[in-house]
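Read through the structure below, which is laid out as structure tokens, and then see the notes.
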Amino acid sequence: MKYKAIFCDFDGTLCQLPPVSKKNIEAVKSYVEKGGKFIITTGRIFQAAYPQILSFGVKMDRAIVSQGAQVYDLDNIKPITTFTIEDSLSKRISDSLIKFREKYKDLEAFMYLNEECYFSGNNLAFVDTFCDILKIKPKFTNSSLYEFIKKSNMYPTKFLAMINENDIDNFIKELNVELNNSAFICKSRGVLLEIMPKNVNKGTAVEQVCKEYGIMLNDVICIGDSGNDVPMLQKAGLSCAPSDASREVLDIVDYVSCKCDDGAVADIIKKYCLGDNND
């Protein structure tokens with residue numbers, strides 16, 4: 001089989017909203033039964049990703065979560081690696097998000113820390129929307145994000161923010177200037193942006209897992225739909241996207257499939273991994 005592993009984003013790629021379609025699940029099962037490795041590669045925190053992984057009913061031994069900050073061993077349900085955001089960058093990000101709240105009144109800032117999602121609580125409507133999609137319970141810092149970090153004596157794997165969709169592009173530009181381009185900032189869904197260290201992303205995690213498996217990057221498929229998928233799409237032997245992916249993704253991938261909810265992942269697997277011509 002030419003493509004020995006598939007690294008696949010979840011939201012906007014496998015489905016717009018859970019559950020994943022039967023068409024996609026059956027294609028993943030067929031690929032795994034043929035000997036392929038299928039690795040969910042998501043910006044979700046583990047507690048929000050794991051129930052979706054279980055819904056496939058198929059053997060997966062690794063998962064990439066928190067946008068590459070963690071690689072999980074699914075056999076033992078524990079992280080193999082965890083990359084956190086160091087103190088000075090955490091402080092700069094937290095301070096910047098507080099500063100921009102004066103201009104963007106609806107801004108909600110939050111972070112993944114110690115396997116939980118902690119919100120500043122500035123915009124409860126955004127909090128409710130995010131937690132409803134991920135099926136998680138919110139926790140609140142009752143202080144600035146950085147003050148909470150110092151009290152907890154732990155560091156986050158990722159910062160996030162939700163903001164009015166009409167403001168998000170300008171906000172990303174302004175935040176990059178404020179942080180002197182010291183972080184990787186990307187838009188993942190309409191109102192959501194994610195902030196990571198520049199050296200931690202889905203692409204670096206894909207490299208790590210491929211090294212563990214002994215698989216060359218040329219022999220993997222990466223499938224994604226948004227800005228946080230770009231680093232892994234650029235690493236892949238074959239990069240693919242659903243047709244309703246973001247423009248920045250559509251402009252760089254090798255193959256564009258049908259829309260996400262029309263079974264894009266199933267189409268890609270059948271086209272490149274199943275059948276007599278793909279052995």
Side-chain angles (χ1 to χ4, degrees), residues 7 9-11 39-49 62-72 79-100 107-120 141 144-163 168 171-189 192-212 217 222 224 226-236 248-249:
F7 294 83
D9 174 52
F10 188 80
D11 297 283
I39 303 96
I40 298 292
T41 307
T42 178
R44 288 179 174 229
I45 197 169
F46 182 73
Q47 64 166 292
R62 295 291 180 269
I64 295 171
V65 298
S66 297
Q67 202 174 318
Q70 290 187 299
V71 175
Y72 256 81
I80 298 171
T81 55
T82 298
F83 294 99
T84 57
I85 302 175
E86 49 88 15
D87 186 87
S88 62
L89 183 56
S90 288
K91 186 177 189 306
R92 290 176 64 196
I93 294 170
S94 177
D95 290 348
S96 298
L97 292 172
I98 292 172
K99 176 181 176 179
F100 279 113
L107 176 66
E108 175 61 35
F110 52 114
M111 61 185 172
Y112 292 166
L113 183 145
N114 192 33
E115 311 292 347
E116 299 283 358
C117 190
Y118 287 92
F119 295 86
S120 59
T141 60
S144 77
L145 298 182
Y146 184 70
E147 287 172 343
F148 187 84
I149 288 168
K150 298 306 288 183
K151 288 177 184 175
S152 65
N153 198 31
M154 293 180 288
Y155 288 94
T157 53
K158 179 166 73 168
F159 285 91
L160 307 94
M162 297 181 79
I163 192 171
I168 193 166
F171 176 57
I172 290 173
K173 292 176 184 177
E174 293 172 359
L175 186 56
N176 264 316
V177 171
E178 183 72 20
L179 294 174
N180 196 27
N181 291 307
S182 60
F184 174 59
I185 305 171
C186 66
K187 179 169 60 176
S188 60
R189 289 177 82 85
L192 179 67
L193 64 91
E194 300 170 313
I195 310 164
M196 298 281 291
K198 281 202 164 183
N199 63 339
V200 179
N201 53 59
K202 290 185 179 183
T204 56
V206 166
E207 287 182 312
Q208 175 189 332
V209 174
C210 283
K211 185 176 181 180
E212 179 188 356
L217 288 170
C222 290
S226 62
N228 67 2
D229 298 310
V230 169
M232 75 169 179
L233 293 168
Q234 293 173 330
K235 300 284 186 183
E248 67 179 314
V249 166

Between the main-chain N or O of [Y] and the side-chain N or O of [X], is there a donor-acceptor pair closer than 3.5 Å?
X: E248; Y: S226; value: no
X: S96; Y: R92; value: yes
X: S144; Y: E147; value: yes
X: R44; Y: V65; value: no
X: T204; Y: V200; value: no

Is a salt bridge present between D95 and K91, judged by a nitrogen-to-oxygen distance below 4.0 Å?
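Yes, charged N to carboxylate O under 4.0 Å.
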Please determine if E212 and R62 form a salt bridge, counting it only when a charged side-chain N lies under 4.0 Å from a carboxylate O.
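Looking at R62 together with E212, the answer is yes, because their closest N to O distance falls below 4.0 Å.
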Rounded to the nearest 0.5 Å, how far does [atom2] of [Y] lie from [atom1] of [X]?
X: K99; Y: L107; atom1: NZ; atom2: CG; value: 13.5 Å
X: D9; Y: I40; atom1: CG; atom2: CD1; value: 8.5 Å
X: I185; Y: N176; atom1: CD1; atom2: CG; value: 4.0 Å
X: L113; Y: S152; atom1: CG; atom2: OG; value: 5.0 Å
X: C186; Y: N228; atom1: SG; atom2: CG; value: 4.5 Å
X: I163; Y: I168; atom1: CD1; atom2: CD1; value: 7.0 Å

For the pair V230 and V249, evaluate side-chain contact (heavy atoms from CB on, under 4.5 Å) and give the outcome as yes or no after the intermediate values.
CA-CA 7 Å; V230 169; V249 166; 4.2 Å; yes
To check you understand the geometry: which heavy-atom pair defines the closest contact between [X] and [Y], and what is its length?
X: T157; Y: A69; value: CB-CB, 3.7 Å
X: L179; Y: A183; value: CD1-CB, 4.3 Å
X: F83; Y: G68; value: CD1-O, 4.4 Å
X: S66; Y: I45; value: OG-CA, 4.0 Å
X: V206; Y: L217; value: CG1-CD2, 4.0 Å
X: L97; Y: A161; value: CD2-CB, 4.3 Å

Any non-hydrogen side-chain atom of [X] less than 4.5 Å from a side-chain atom of [Y]?
X: K202; Y: D229; answer: yes
X: M196; Y: N201; answer: no
X: F159; Y: S90; answer: yes
X: I64; Y: F7; answer: yes
X: L193; Y: L160; answer: no
X: T41; Y: M232; answer: yes
X: M111; Y: I85; answer: no

Test item: side-chain donor near acceptor, [X] and [Y], under 3.5 Å:
X: E86; Y: T84; result: no
X: N180; Y: S182; result: no
X: T81; Y: Q208; result: yes
X: E108; Y: S120; result: yes

Determine the interplanar angle of the F100 and F171 rings, folded into 0 to 90°, and report it as parallel if under 30°, tilted if 30 to 60°, perpendicular if over 60°.
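Correct class here is perpendicular.
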Excluding sequence neighbours, so at least two apart, what forms side chain to side chain donor-acceptor pair (under 3.5 Å) with K158?
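So K158 forms a side chain to side chain donor-acceptor pair (under 3.5 Å) with E194.
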Tell me every residue that passes side chain to side chain donor-acceptor pair (under 3.5 Å) with Y112, counting only those two or more places apart in sequence or in another chain.
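Not a single residue meets the side chain to side chain donor-acceptor pair (under 3.5 Å) criterion with Y112.
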Between E115 and Q47, does the side-chain contact (heavy atoms from CB on, under 4.5 Å) criterion hold? Intermediate values first, please.
CA-CA 7 Å; E115 311 292 347; Q47 64 166 292; 5.7 Å; no
Check step by step if ring-ring contact (aromatic ring centres under 6.0 Å, His included) holds for F110 and Y118.
CA-CA 6 Å; F110 52 114; Y118 287 92; over 10 Å; no
Checking Y155 against I149 for the side-chain contact (heavy atoms from CB on, under 4.5 Å) test, could you report, in this order, the C-alpha distance in whole Å, the side-chain angles of both residues, the deciding distance, and whether it holds?
CA-CA 6 Å; Y155 288 94; I149 288 168; 3.6 Å; yes
